[in-house]
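All remarks here apply to the structure that follows.
We count residues from 1, following the sequence as given.
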Amino acid sequence: MLIANVFQTQPREEADRQTKFAEAGAAGEPAFPFRRNQLWGFLDRNGRVSIPPMYRHTTGVQDGRALVWIEDNVCVIDQAGTVLSRLPNSYLAWWAAKDRIWLKDKETDLYALFDDGGKVIIPPTYQDANSFQDGFAVVASDGEWKFPGFLEGATYRYINVNGNNVFGKTFDDTAWDFHDGYAVADDAVIDRKGNVVFETPDGCDFQFSQGWISVDDYGPPRATKYLDAKGRVVLQVPLRSEEFSEGLAAFAVEVTPNFENDDTTSVLRWGYLDRDGTQVIPPTFTSAQPFQNGLAAVGVTKLEGTA
């Protein structure tokens, strides 16, 4: 069983760290991790050094705190770099929720859940675990890992931040994260009470986004349908398209390149459509990611032989 060791850093160690913090100058709050000479530190949003490189590893900043690796422990630090709590050593840990941390036990290779103060919520129990979405997290047990990273024969359940099985049952096929109050589990859409809303058709995506879930019709011809939370078709487009984010979904069209000495017959160009199915950004990109905070990452490499 994992036991959290919660204590402050030694005075000399802390003094050395505070000296390094002072050398950072009048930087803002830490926002982005960066690496220098095999150690990790943090930059503010203007690219200035907020916390100099001194950590073996970090998972980044969340809600003004960060997980960092100091000596043999996973630690929670605040924006000034002060150690708030120490957890057992592990090669894998991340924020599961605002005040919850998943940590993989080095001896059992199972996941344990901690709060941000280092208290054990769940001892090492699960073979796999997801972060909390809509208040629930998917966890898996009783399976066997197969190459390349597939957990065969596992049972899945949804837990809350206190570690309780919220539905009092398990799922035998698979279970995906909750989004917009719904999740896909055992080939069905379920609500937050665990009730089946409708069976998922072939080609159905794994999660809701902005109240809709997409269904691929591979055709021919290729098409994508979007279903609402009751399983009704609300939009159908004669294209390959992805989930909606901030009112837009990436879609792809095939174009014919002119590669010499190449048997390639077509490649994809990506654009964006709105919830009416209107193409609002033409398909000119080689790849397209969902929008976040008004921005989306796209590929702009020119494909030889195309416009």
Side-chain angles (χ1 to χ4, degrees), residues 1-21 24 29-44 49-133 135-141 145 149 151 159-164 177:
M1 178 176 181
L2 290 176
I3 300 177
N5 298 315
V6 183
F7 56 91
Q8 295 296 321
T9 55
Q10 296 298 319
R12 181 175 179 180
E13 179 186 12
E14 182 66 16
D16 291 342
R17 295 189 190 284
Q18 293 301 329
T19 298
K20 292 184 178 182
F21 298 153
E29 297 174 352
F32 309 108
F34 77 102
R35 190 181 188 191
R36 180 189 296 162
N37 297 328
Q38 307 302 314
L39 293 175
W40 289 87
F42 295 90
L43 303 175
D44 67 11
V49 176
S50 180
I51 298 179
M54 63 179 69
Y55 306 115
R56 288 169 46 199
H57 185 56
T58 179
T59 59
V61 178
Q62 177 171 303
D63 295 315
R65 297 162 302 159
L67 284 180
V68 297
W69 274 247
I70 300 176
E71 298 171 349
D72 293 329
N73 293 97
V74 179
C75 299
V76 179
I77 63 171
D78 63 14
Q79 294 176 345
T82 302
V83 175
L84 303 178
S85 62
R86 291 195 180 215
L87 283 67
N89 187 20
S90 174
Y91 59 89
L92 183 59
W94 74 91
W95 288 106
K98 184 176 180 179
D99 58 354
R100 293 292 186 268
I101 299 163
W102 282 119
L103 184 145
K104 197 165 192 178
D105 179 37
K106 295 180 69 173
E107 295 185 2
T108 63
D109 219 26
L110 298 175
Y111 286 99
L113 185 67
F114 290 78
D115 69 12
D116 55 356
K119 177 183 176 181
V120 178
I121 305 299
I122 304 174
T125 303
Y126 298 114
Q127 292 173 287
D128 204 3
N130 288 0
S131 297
F132 287 87
Q133 301 286 344
F136 300 152
V138 179
V139 293
S141 59
W145 286 108
L151 190 57
I159 64 171
N160 59 21
V161 293
N162 296 318
N164 301 320
D177 294 331

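Side chains of Leu67 and Trp95 form a contact here, defined as non-hydrogen atoms less than 4.5 Å apart. Here the side chains of Cys75 and Tyr55 are not in contact, with every heavy-atom distance at 4.5 Å or above. Within the 4.5 Å cutoff, side-chain heavy atoms of Thr58 are placed close to those of Val68. Side-chain contact check for Ile101 versus Val76: some heavy-atom pair is nearer than 4.5 Å.
At least one donor-acceptor pair closer than 3.5 Å links the side chain of Trp69 to the backbone N or O of Ser90. With hydrogens and angles ignored, the 3.5 Å screen pairs no side-chain donor or acceptor of Arg86 with any backbone N or O of Asn73.
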Practice prompt. Could you give me the CA-CA distance, side-chain angles and deciding distance for Asp99 and Asp116, then say whether side-chain contact (heavy atoms from CB on, under 4.5 Å) is met?
Written response: CA-CA 5 Å; Asp99 58 354; Asp116 55 356; 3.6 Å; yes
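Rounding to the nearest 0.5 Å places CG of Asp115 at 5.5 Å from CZ of Arg100. Here Phe42 contributes atom CZ and Phe32 contributes atom CZ; the two are 12.0 Å apart, rounded to the nearest 0.5 Å.
Here the rule is side chain to side chain contact (heavy atoms under 4.5 Å, CB included) with Pro124, and of Leu113, Asp105, Asp109 only Asp105 fits it.
Taking the six-membered ring where tryptophan is involved, the planes of Phe132 and Trp102 are essentially parallel, since the angle between them stays under 30° and well short of 60°.
Defined by atom type and a distance below 3.5 Å, a donor-acceptor pair is missing between the side-chain atoms of Arg65 and Gln62.
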